[in-house]
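Along the sequence shown, residues are numbered consecutively beginning with 1.
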Amino acid sequence: MMLSPQDATALWITFKLALISTSILLVLCAPVAWWLAHTQWRGKTVIEALVMLPLVLPPTVLGFYLLLLLGPQGWVGGSLEALGFNHLAFSFTGLVIGSMIYSLPFVMQPLTNAFQAAGGRILEVAATLRASPLDRFFSIILPLSKRGFLTAAVLSFAHTLGEFGVIIMVGGNIPGQTQVASIAIFNHVESMDYTSAHTLSAILVALSFSMLLMVFALNRKFKVVSLAT
């Protein structure tokens with residue numbers, strides 16, 4: 001079973017999309033997750049519900065509203081185009097934005113849980129030793145939260161690999177630009193080309209399974225440091 005050049009390109013776009021959206025999500029979600037893990041603000045529940053909303057919304061519904069938002073008549077897309085930027089709908093940049101919103105719960109929840117577990121007495125001890133907030137974050141919080149970051153990265157990457165509804169609504173099906181592996185598989189099934197669909201599907205299954213194996217192996221190897229109270 002050999003990949004056609006078009007399928008290889010779709011696979012590359014899928015990997016690139018998963019890597020970029022996951023990397024940006026980890027950076028952007030870390031401070032928000034820290035705030036959610038420790039804030040006592042009464043409106044916190046509303047923020048948590050908004051963060052988890054993509055988890056329960058049908059992907060096509062989410063994709064439809066993102067298309068309206070990012071399109072040339074949308075609030076975001078229209079404003080950017082008025083400023084001279086390229087349009088976001090049916091572009092790779094639009095795919096990244098859609099993937100980030102769709103995978104938001106899969107990054108935010110593991111990070112929030114990790115930060116909740118990492119806080120407490122050890123940070124108070126570090127503060128009494130005059131460790132700066134930056135030192136506390138990089139020397140204590142990050143090492144203690146590595147499982148959360150690893151879980152968030154793998155879940156987001158694997159989730160992006162299988163996206164379909166949001167991708168087809170926001171990015172369309174443009175070969176070489178926005179056509180990802182899941183859409184290429186759908187195209188092959190529609191045209192009764194089951195051999196090509198099977199090849200792409202088998203690659204995604206093997207990749208997803210390998211990633212899960214890696215997570216379980218790393219979680220066995222690296223143990224979270226605990227502080228006796």
Side-chain angles (χ1 to χ4, degrees), residues 13-71 74-76 88-89 92-119 145-172 178 180-183 185-186 201 204-205 207-209 211-216 219:
I13 292 174
T14 304
F15 292 154
K16 187 170 68 170
L17 175 64
L19 183 62
I20 292 175
S21 59
T22 298
S23 301
I24 297 175
L25 270 177
L26 287 175
V27 173
L28 295 182
C29 287
V32 181
W34 175 263
W35 178 77
L36 285 175
H38 296 95
T39 184
Q40 301 298 323
W41 182 50
R42 290 184 177 181
K44 171 185 174 181
T45 306
V46 177
I47 304 299
E48 289 177 324
L50 286 174
V51 167
M52 299 303 290
L53 190 59
L55 197 62
V56 297
L57 270 181
T60 48
V61 174
L62 180 61
F64 171 68
Y65 283 114
L66 283 175
L67 179 60
L68 294 182
L69 188 67
L70 302 178
W75 182 70
V76 175
L88 293 175
F92 183 77
T93 304
L95 285 189
V96 173
I97 295 173
S99 296
M100 287 173 55
I101 294 175
Y102 190 45
S103 297
L104 184 63
F106 294 87
V107 174
M108 194 68 79
Q109 194 62 41
L111 290 183
T112 304
N113 292 340
F115 288 151
Q116 285 174 339
S145 307
K146 55 191 176 186
R147 277 189 178 183
F149 277 94
L150 177 63
T151 304
V154 172
L155 286 178
S156 174
F157 193 93
H159 190 241
T160 305
L161 291 182
E163 278 186 45
F164 183 83
V166 172
I167 296 294
I168 196 70
M169 297 295 285
V170 176
T178 62
V180 297
S182 59
I183 296 177
I185 292 170
F186 178 75
S201 300
L204 292 183
V205 169
L207 181 63
S208 301
F209 184 67
M211 292 177 64
L212 288 177
L213 281 180
M214 181 186 69
V215 169
F216 284 118
N219 273 335

Is there a donor-acceptor pair closer than 3.5 Å between any side-chain N or O of T14 and the backbone N or O of A181? yes
Check whether any side-chain heavy atom of S99 sits under 4.5 Å from a side-chain heavy atom of I167, and report yes or no. yes
What one should report as the nearest heavy-atom pair of L62 and I101 is CD1-CG2, 4.1 Å
Side-chain donor/acceptor of S182 to backbone N/O of E163, under 3.5 Å: yes
Mind checking whether Y102 and T160 have side chains closer than 4.5 Å, heavy atoms only? no
Nearest atoms (heavy-atom pairs only) where L207 meets F15: CD2-CE2, 3.2 Å
Any M169 side-chain heavy atom under 4.5 Å of L66 side chain: no
Pairwise side-chain contact, T39 with I47, heavy-atom cut-off 4.5 Å (strictly under): no
Step through the shown structure and confirm whether more than 12 heavy atoms of other residues, nucleotides or ligands are within 6.0 Å of CH2 on W35. yes
Got T178 and I13 here, is their nearest side-chain heavy-atom distance under 4.5 Å? no
Matching residue for M52 among V56, L50, L55 - test: side chain to side chain contact (heavy atoms under 4.5 Å, CB included): L55
Within-4.5 Å side-chain heavy-atom neighbours: F92 and I20: yes
Exercise: identify the closest heavy-atom pair between A37 and Q116: CB-CG, 3.5 Å
Rounded to the nearest 0.5 Å, what's the gap from CG on L25 to CG on L111? Could you check? 9.5 Å
So side-chain hydrogen bond (donor to acceptor under 3.5 Å, both in side chains) across residues 19-32, not counting sequence neighbours, yields T22-S156
V166 and P59: which non-hydrogen atoms are nearest, and at how many Å? CG2-O, 3.5 Å
On a heavy-atom basis, the closest approach of G172 and I183 is O-CD1, 3.4 Å
